[in-house]
Peer 1: 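Structure incoming, see below.
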Amino acid sequence: MNFSTKTLDAKTAVTAVKTGALVVGIHENRKLDRAAAALDKLGAISAALKSGDITGKAGSTLLLRGLTGVAAERVVLLGLGPQDELSDKNFAAATAGLVRALATLGCDDAALLLPLDQVKGRDLGWAIRNVVLAGRDSVYRADALKSKKDPAPAGVKKIAFLTSVADASTAKTALAEAVALANGMALTKDLGNLPGNFCTPSYLANTAKKLAKDFKLGVEVLERKQLEALKMGSFLSVTNGSDEPPKFIVLKHLGGRSKDAPVVLVGKGITFDTGGISLKPGLNMDEMKYDMCGAASVLGTFRTIAELGLKLNVIGVIPTCENMPSGSATKPGDVVTSMSGQTIEVLNTDAEGRLILCDALTYVERFKPAAVVDIATLTGACIVALGHHNTGLFTREDAAHDQLADQLLAAGRSTGDTAWRMPIQDIYQEQLKSNFADIANIGGQPAGSVTAACFLERFTRKYTWAHLDIAGTAWKSGAAKGATGRPVPLLTNWLLDQVASLKE
Ligand code: BES
Ligand code: MN
Ligand code: ZN
């Protein structure tokens, strides 16, 4: 699906816009919005409204063909809900209706003449992003491994946003950001959906190398020998039972000034999580191919910011391996030594995400980061706490971390990719006491997502850090099973905000 912006200057009449389908808004009180009124030369639109063929309810649509005096082949009336409150909810419903309607048309292109800057509490960029993401999602297919491909998307292939002269440059920038974001999310979804026999640690490393080549990024992939030399005993203990070699990926997008400290994103890359010797039950175990969605979101975010040429230094770090049971696998009770020197009693080999992340979090100290954010499908307990709506956000509680948390929460809210803050406090650390090592890798049933975050916290004391638990938000189960591309919108928006705040 292809998107563009077109300016409609004062001299160009709405009736003269040449397109397969011109989309205009209608409100619930059956009033035409300005664009629709300008189109309603001979009263055909008013007549359609009067007849009750369209209510104006958000997302309702009506197709009118061959209107006299209108250059567009079709006019699509799109319900926007009540006139006095174009809420973000109603706009999203309208967008969904729009995408459905455009998929049924016989023309190739459409032009949108909608009140994109009128959504309450949102801006033009928000509305454009909404439409682009919904459009791209509607044509997304996960059929790479099907011998007979899913039906190709029907209907409109090209969508133009018509904007005023005053809005033109804002719209253009917003569209570029939205398309780059959709591209990044598509990569994240593709990687997540790809099964573990294809998406191996080596596959993720090759994906990173390809991204680096295509977008001129720095990339380094550390192999087992180098990880041993770095003394990443915790990470390596997770890969013991697997025949696939582990990889440690470092990606660099250095778009900022050389003296600016980088932002570091660390993504959990377990390409399949069987639980190891603490084997998971069989039901839905296939979904543990998604246990690399943190890594995929880092790669997707890099795809986005590289396309945008973001003026910020960003480093991505991905520890990736499989978690398998075998004769050589780590056993419950084994004690391993992390890169930080802290020893860890592995009471449950299924709490492996924190074991690979802790060494990555120690490794990134060398970058003297401005901030570190790790992204991980870390705990089932996070789903119990927050369901599938919000990503769990964990930070310490001091001024610097409160600020980072607020930034991430805001970036999530403004993209609909929301997070909710959870505590990291010393009282929970007690649950991680071990009789035989410095720390245990599990903290028991209560507050499972919090104790997982508290485990990571012990490895992050040299910098400002946030942890995103995306176990509930990275993919959907059931009939609509598939990766969501979250939290690429949150991360991208946060990075964009960082650039804006550097300029101030
Ligand atoms: N990858 C899982 C977390 C997970 C589970 C994500 C279900 C999404 C859905 C993680 O490695 C894991 O197995 N965590 C354990 C931790 C427990 C052993 C303390 C869990 O959540 O059960
Ligand atoms: Mn696990
Ligand atoms: Zn896992």
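Since the model is a prediction, treat every value here as computed from it, not as a measurement. What's counted below: heavy atoms across the whole structure, side chains too, no hydrogens, waters or symmetry copies. Whatever order the structure lists ligands and atoms in, that order sets their numbers, starting from 1.
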Peer 1: Which option wins on minimum heavy-atom distance to atom 21 (O) of ligand 1: G448, A452, G444, G380?
Peer 2: G380
Peer 1: Check this for me: does any side-chain nitrogen of one of K268 and D374 sit under 4.0 Å from a carboxylate oxygen of the other?
Peer 2: no
Peer 1: Specify whether an N/O/S atom of D273 falls short of 2.8 Å from the Zn ion (ligand 3).
Peer 2: yes
Peer 1: Any ion pair linking E177 and R129 (charged N to carboxylate O, less than 4.0 Å)?
Peer 2: no
Peer 1: If we only count N/O pairs under 3.5 Å, is W475 in contact with ligand 1?
Peer 2: no
Peer 1: Pick, from D350, I356, V238, the option with the minimum heavy-atom distance to atom 12 (C) of ligand 1.
Peer 2: D350
Peer 1: Considering only the protein, which heavy-atom contact is closest to atom 6 (C) of ligand 1, and what is its distance?
Peer 2: A471 CB, 3.6 Å
Peer 1: Distance to 0.1 Å, residue and atom name: give those for the protein heavy atom nearest to atom 10 (C) of ligand 1.
Peer 2: L378 O, 3.3 Å
Peer 1: Would you check if the distance from the ring center of W465 to the ring center of F459 is below 6.0 Å?
Peer 2: no
Peer 1: Can we say D402 and R396 salt-bridge, meaning some charged N sits less than 4.0 Å from an Asp/Glu carboxylate O?
Peer 2: no
Peer 1: Nearest to atom 16 (C) of ligand 1, what protein heavy atom do you find, and at what distance?
Peer 2: R354 NH2, 3.9 Å
Peer 1: Classify the contact between N323 and ligand 1 as side chain, backbone, both or neither, using a heavy-atom distance cut-off of under 4.0 Å.
Peer 2: neither
Peer 1: Is the Y463-F367 ring centre distance short of 6.0 angstrom?
Peer 2: no
Peer 1: Against the six-membered ring of Y363, is R366 placed for a cation-pi contact (under 6.0 Å from the centre, within 45° of the normal)?
Peer 2: yes
Peer 1: With heavy atoms of K280 as the reference, note each atom of ligand 1 found under 4.0 Å away.
Peer 2: 12 (C), 13 (O)
Peer 1: Using modelled atom types and a 3.5 Å cut-off, is there a donor and acceptor pairing between side-chain atoms of D273 and backbone atoms of M288?
Peer 2: no
Peer 1: How far is atom 19 (C) of ligand 1 from the closest protein heavy atom, and which atom is that?
Peer 2: I442 CG2, 3.5 Å
Peer 1: Can K120 and D88 be counted as an ion pair, charged N to O under 4.0 angstrom?
Peer 2: no
Peer 1: Under 4.0 angstrom from ligand 1, any heavy atom of I270?
Peer 2: no
Peer 1: State if E287 counts as touching ligand 1 under the rule of any non-hydrogen atom under 4.0 Å.
Peer 2: no
Peer 1: Out of all atoms in ligand 1, which are within 4.0 Å of some heavy atom of K268? Include the element for each.
Peer 2: 1 (N), 10 (C), 11 (O)
